[in-house]
Protein chains: 2
Amino acid sequence: MHSPTKHIAESTVRRLSLYLRFLEEFESRGQTTVSSGELARSGGTTSAQVRKDLSFFGSFGKRGLGYGVKDLIHSIREILGLEQPWPVIIIGAGKIGAALAQYRGFTSRGFHVVGVYDRDPAKTGMNLGALSVRSDTELERDIALHKPRIAVLAVPGEAAQAMVDRVVSAGMHAILSFAPAPLHAPQGVTIRAVNMATELEILAYSLTHGV
Amino acid sequence: MHSPTKHIAESTVRRLSLYLRFLEEFESRGQTTVSSGELARSGGTTSAQVRKDLSFFGSFGKRGLGYGVKDLIHSIREILGLEQPWPVIIIGAGKIGAALAQYRGFTSRGFHVVGVYDRDPAKTGMNLGALSVRSDTELERDIALHKPRIAVLAVPGEAAQAMVDRVVSAGMHAILSFAPAPLHAPQGVTIRAVNMATELEILAYSLTHGV
DNA sequence: ATCTGTGAACCGGTTCACAGCC
DNA sequence: GGCTGTGAACCGGTTCACAGAT
């Protein structure tokens with residue numbers, strides 16, 4: 001089954017997400033069965049890694065045969081929690097926030113943007129696809145009302161920690177931040193931060209030091 | 001000095017980038033000296049980790065005193081390769097590409113966007129800040145001419161691998177991809193991929209499995 | 001006394017290798 | 001024969017603990 005007793009490494013979860021993509025590709029090509037080796041080759045890992053990753057959550061394959069593509073897709077979606085929809089709010093309607101609000105990759109996996117907020121009155125009312133930007137003063141009320149599960153932060157670095165505190169005390173437990181600032185949240189709240197400057201700096205390092 | 005003999009873990013480089021941010025903050029507050037403990041507290045690590053990270057590249061501190069803020073900033077910038085400017089091109093002028101092209105966080109650290117490209121003729125000529133979108137047919141010529149060092153990919157998943165191949169054979173060695181597709185490149189080329197769907201899926205997992 | 005620099009111990013994620021099933 | 005599932009070995013990043021410098 002898919003309730004691991006042990007703690008699961010983030011890298012494992014990340015790979016599951018990757019496997020899922022390949023499985024969907026295999027499915028769209030009509031392939032009904034895959035081996036751990038095939039999945040490994042697509043994803044740039046090893047077959048043992050694939051088997052180990054899956055074995056944390058149960059036995060999904062058949063020895064001598066491999067994994068059923070359809071079944072494994074379903075199992076991984078269940079493990080990741082993707083069999084249910086995830087309402088998402090975006091906070092900050094600047095360039096990045098506006099782009100994210102209209103990003104199709106979100107919706108395709110069950111993530112629905114249900115609200116976009118900004119503190120700048122000049123931006124509220126602005127249309128982004130089907131949504132219009134709301135004032136950040138509505139945030140607490142809307143969170144209580146619509147119970148979004150994930151907040152995406154696209155606010156300036158200086159405003160980020162204060163906004164984390166706000167959405168956390170409004171009851172949210174998962175935050176994806178694009179703000180260029182390190183953030184802290186209480187136990188029980190998961191924050192993931194994507195820092196584009198850091199990504200570029202890692203590239204600069206690799207260029208500077210030869211590969 | 002700052003030419004490590006051993007291989008350096010990516011996590012180390014990522015932390016150096018983080019330390020740099022804090023050091024700049026300390027500097028702007030007029031602080032002249034920091035201990036590994038102070039840096040650790042800001043960055044959510046341990047003092048031993050900070051010292052170990054720095055020691056890969058040399059001895060920058062004074063026993064009993066700590067590190068000189070200014071000196072350490074300089075040293076880390078040198079280690080990361082940030083003492084020189086890094087010309088960057090952005091490929092794909094959709095929502096994400098356009099947002100990135102105007103993202104201020106890039107320029108502040110020596111990364112200069114010198115070109116934005118799209119294959120859609122409707123987009124070429126469009127103004128993004130100081131730049132206007134160019135046709136992707138100019139790509140090879142421009143790369144040969146201006147020698148950008150980093151390519152940021154903001155193209156659809158299906159187009160991503162082909163574009164990687166193009167910029168690699170045009171001579172580029174570092175790519176930051178926002179395309180939702182796993183990419184492969186030959187030895188000697190560094191690719192970093194930011195996949196927003198995966199980030200959300202990791203959050204969905206953590207919400208599903210309780211922290 | 002304080003804080004750095006670093007070998008040694010530790011820990012956890014990855015890889016190996018093989019038993020078990022088709 | 002082919003491929004999964006998994007304990008054991010391995011490896012590398014983190015933490016510990018202490019010697020050395022101020």
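A, B, ... follow the sequence lines: proteins, then strands. Residue 1 opens every chain.
Distances shown here put a side-chain N or O of B:T46 below 4.0 Å from the OP1 or OP2 atom of D:dT15. Distances shown here put every side-chain N or O of A:Y67 at or beyond 4.0 Å from the OP1 or OP2 atom of D:dG2. Dashed line: the shortest gap from a side-chain N or O of B:Q49 to OP1 or OP2 of D:dT15 is under 4.0 Å. The shortest distance between the side-chain N/O atoms of B:R63 and the OP1/OP2 oxygens of C:dA1 is not below 4.0 Å.
At a cut-off of 3.5 angstrom, counting only N and O atoms as typed in the model, there is no donor on one side facing an acceptor on the other between the side-chain of B:K62 and the base of C:dG5.
Summary of the strand contacts: B:G66 and A:E10 both lie near DNA chain C, and taking for each the nucleotide with the nearest heavy atom, the more 5' one is attributed to B:G66. In terms of position along DNA chain C, the nucleotide closest to B:S36 lies nearer the 5' end than the nucleotide closest to the other residue of the pair A:T45 and B:S36.
For the pair A:R14 and B:E199, the salt-bridge criterion is met [side-chain N within less than 4.0 Å of a carboxylate O]. Taking a cutoff of 4.0 Å between a charged side-chain nitrogen and a carboxylate oxygen, A:R15 and A:E10 do not qualify as a salt bridge.
Between A:H209 and A:Y205, the ring planes are parallel. Angles under 30° get that label, and only those over 60° would be called perpendicular.
Residue contacts shown for A:S11 are limited to sugar-phosphate atoms, with no base heavy atom under 4.0 Å away.
Distance alone, capped at 3.5 Å, is enough to place a donor-acceptor pair between the A:R77 side chain and the A:L82 backbone.
In the set C:dT14, C:dC18, D:dG7, the nucleotide with an atom closest to the side chain of A:R15 is C:dT14.
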